[in-house]
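To start, the structure itself, in structure tokens.
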Amino acid sequence: MKDLLLKKLIKYTALTFLLFMGIFVMSNTSVMAGEMKMHTISVGRGDAIVIESNGHFMLVDSGTSTAAPLVMDYLENLNIPDNKLDYVVSTHPDGDHVGSFANVFDEYQVGQVFYSPCTKESSDYYDFINTVKNKNIPFRTPVDGEIWTLGDAKVEVVYDGSQGSTYNECSIVLRVTCDGKSILLTGDLPATMERELISQGYNFKANVLKIGHHGASSSSCADFLDAVDAQYAVISCNAANPNLPKPSVLKRLARRFVKTYRTTDGDVVINFSNGNITTSNKENNGYTSIKKGTITLSSNVFYATGSAIKPTVSLTVNGTLIPSSQYTVKYSSNKHTGVAKVKVTGTEVKYVGTCSTNFLILPKKETLSGSVTGYEKVKLSWSSQSYATGYMIVYSTDKTFKTDLNYISYKNPKKTKCTIKNLSPDKKYFFRIRAYKSNVGYGKWSKILKLKPKEAPKPKKEKITEYKVLNNKIKLVWKKQSSKLQAGYRLQYSTDKTFKNEKKTTTIVYKKTAKNYRTLRKLKRKKTYYIRIRGYNKYRKGKWSNILKVKIK
């Protein structure tokens, strides 16, 4: 029984190990799913591009006839197995694209030739076609959408050239894809056909773009570059022709942050491995976009003055401080309270594109004035700020505004006056104001305004002038007060001479000074009562009268 269990355990362990190894191998196989290289040969005038993948090769165009030694040397250095090119593609019949094919066919076996449906009466083109026929190499025009396999890569015919009416419009467009990354080869396709094909819904998406027509302004229009949305661009151009690539094309690439390489600097090799794209070539555009640049202002917050505010600007791109001569600055919305804008535009001498930033203009500092207009109240006034949202007033008996704070907010920029009531007449008050704008911020506080409210008349100390005890009643008469300012009396009587025991104390309020008498009824016999009275008005309280002591028999 134990032997049987041991055998099952060994079998289970072995199966687990094999399963693990299978997953490991599959995992590593997927990581190493494919590799590809794009070789753009520096042939001077013309195109000559080799796509290499897992020992398989495709040559797209071959430069001029005078470039044959350069093309042949490059192919020889690639050590192509059995000197076999799987595919040769002639994008269109111009001499700077077909010139060296005859030499190539003399040295290499070719599996299939694809060529543009457009022909041309020229010696270079005749040499190309006649050599293909004489070597019995299969040749034909491709068809939109067909796909070939090239090692780990797939070659798709995006456009077969059949809709063109000029040699360039008949350029074949190929997309070569490996491990999810792709190259778009466009021959000399002009902007007229780029736009036409985009309007028809053609998909030109790719990571690497071979710029059409050697960087001529008649190709690589903005709409086409947006449709491709490449991260890398290769321009096959001639150092002897300084007119190409055109600045307009380079600027369009710079604005889209496309890394650009030129064959005027030598052969351009781009590697595709494990879904990554790398190259040892150095970028060469001549123009840099400032769209992702960093704008630094002399300050990001200002206060409105009624005049346009123009902070000093400095621009940094990729860690480099750009001279102010390389860009222009435009300010907007920078006169009144709110969010002002700064737009920086490259002068296109070296820097292209635009970048923007904002700064805040807070409300201007307010001027506060005021006066005492009545008992225990003050009237304040300030200037109107039509571009503000409202105002914040704070007042306190503490001139440092650290304690005893009171706030008033007005959400109306047209408001310029207010009255503050119920202030203590025996204290000095300090007032200040500032305007604010929602989502922007507050202006500076005004200078502090100091005011002491007018003191209201204080009722005189009361005096009980007459009293009479009748059985369990006490008749009282006291001195009459002035009836001004809503005056009246507060009378208290209690068996507690301190008047602190509320249960033993009765309080009576008289809201008119004309009634200066009272009969206290239902008092308890053999009890001593303590009586006092004081006057009051709307603002103040008088002093309590002397306490009258009365004993009920």
Side-chain angles (χ1 to χ4, degrees), residues 41 43-51 58-68 71-72 75 85-148 155-176 184-197 200 202 204 210-214 216 218-220 224 236 238 244:
I41 307 172
V43 293
R45 186 171 67 90
D47 277 5
I49 300 166
V50 178
I51 305 298
M58 175 175 69
L59 175 64
V60 180
D61 294 332
S62 63
T64 63
S65 58
T66 57
V71 175
M72 300 307 293
L75 292 175
L85 297 170
D86 295 74
Y87 307 103
V88 166
V89 180
S90 169
T91 59
H92 65 294
D94 283 348
D96 59 337
H97 289 254
V98 301
S100 295
F101 275 138
N103 300 74
V104 172
F105 297 149
D106 284 339
E107 296 291 335
Y108 290 86
Q109 298 180 47
V110 177
Q112 177 71 54
V113 171
F114 294 97
Y115 65 100
S116 169
C118 182
T119 62
K120 187 174 185 178
E121 294 183 3
S122 70
S123 58
D124 287 330
Y125 186 72
Y126 288 148
D127 286 345
F128 160 57
I129 291 297
N130 290 334
T131 307
V132 171
K133 292 178 179 179
N134 292 336
K135 297 286 186 179
N136 292 319
I137 302 172
F139 68 97
R140 66 178 175 86
T141 57
V143 179
D144 279 3
E146 69 173 288
I147 297 175
W148 324 315
V155 183
E156 176 190 358
V157 179
V158 178
Y159 167 59
D160 59 17
S162 60
Q163 298 185 44
S165 58
T166 66
Y167 301 129
N168 290 343
E169 286 184 350
C170 291
S171 292
I172 295 171
V173 178
L174 303 177
R175 177 168 40 234
V176 188
L184 193 71
L185 306 174
T186 61
D188 283 354
L189 192 73
T192 52
M193 188 54 66
E194 289 173 352
R195 294 190 183 95
E196 174 59 29
L197 296 176
Q200 295 180 30
Y202 277 70
F204 292 110
K210 198 288 295 186
I211 294 296
H213 207 180
H214 321 291
S218 58
S219 294
S220 305
F224 183 73
S236 184
N238 186 3
L244 290 177

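- Rounded to the nearest 0.5 angstrom, Asp61 CG and Ser100 OG are separated by 10.5 Å.
- Side-chain atoms of Tyr202 and Glu196, non-hydrogen and from C-beta on, never get closer than 4.5 Å to each other.
- Side chain of Ser116 to main chain of Gly161: no donor-acceptor pair is present (N/O by atom type, distance under 3.5 Å, no hydrogens or angles).
- Taking every heavy atom of both residues into account, Leu244 and His213 meet most closely at CD1-O, 4.5 Å.
- Proximity of a side-chain donor or acceptor of Ser236 to a complementary backbone N or O of Gly46 within less than 3.5 Å is detected.
- Within the model, atoms OG1 of Thr186 and CG of Asp47 stand 8.0 Å from one another, a figure rounded to the nearest 0.5 Å.
- Residues Arg45 and Thr64 share a closest heavy-atom pair of O-CG2, 3.4 Å.
- A donor-acceptor pair is defined here as one N or O able to donate and one able to accept, closer than 3.5 Å; no such pair exists between the side chain of Thr91 and the backbone of Ser171.
- Here the shortest heavy-atom pairing between Pro93 and Tyr167 reads CG-CD2, 3.8 Å.
- Interatomic distance, Ser219 OG to Phe224 CZ, rounded to the nearest 0.5 Å: 8.5 Å.
- Taking both residues in full, the closest heavy atoms of Cys170 and Pro117 are given as O-CD, 4.4 Å, listed atom of the first, atom of the second, then distance.
- Residues Glu121 and Tyr126 come closest through the heavy atom pair CG-OH, 3.3 Å.
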Audit row: Tyr108, Met72, side-chain contact (heavy atoms from CB on, under 4.5 Å) steps and yes/no:
CA-CA 10 Å; Tyr108 290 86; Met72 300 307 293; 3.9 Å; yes
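- Ring planes of Phe128 and Tyr115: perpendicular class, angle over 60° (limits at 30 and 60°).
- Note that NE2 of His92 is 10.5 Å distant from CD1 of Ile172, once rounded to the nearest 0.5 Å.
- Annotation for Gln200: atom CD counts as buried by contact number, over 12 foreign heavy atoms lying within 6.0 Å.
- Using a 4.5 Å heavy-atom threshold, the side chains of Glu169 and Thr192 count as touching.
- Residues Asp188 and His214 have side chains in contact (heavy-atom distance under 4.5 Å, counting atoms from C-beta outward).
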side-chain contact (heavy atoms from CB on, under 4.5 Å) between Val157 and Val143, worked out:
CA-CA 7 Å; Val157 179; Val143 179; over 6 Å; no
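- In this structure, Asp96 CG and Asp124 CG are separated by 9.0 Å, a value rounded to the nearest 0.5 Å.
- Looking at Gln112, its side chain does come within 3.5 Å of a backbone N or O of Pro138 through a donor-acceptor pair.
- Heavy atoms only, all atoms of each residue included: Met58 and Trp148 are closest at SD-CZ3, 3.9 Å.
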Tyr159 and Leu189: CA distance, side-chain angles, deciding distance, side-chain contact (heavy atoms from CB on, under 4.5 Å) verdict
CA-CA 10 Å; Tyr159 167 59; Leu189 192 73; 3.9 Å; yes
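- Between the Ser62 side chain and the Phe101 main chain, a donor and an acceptor come within less than 3.5 Å of each other.
- Annotation: the span from Ile51 atom CD1 to Tyr87 atom OH amounts to 13.5 Å, rounded to 0.5 Å.
- With hydrogens and angles left out, the side-chain atoms of Ser162 and Asp160 include a donor and acceptor closer than 3.5 Å.
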Please walk me through it: do Val110 and Lys135 pass side-chain contact (heavy atoms from CB on, under 4.5 Å)?
CA-CA 9 Å; Val110 177; Lys135 297 286 186 179; over 6 Å; no
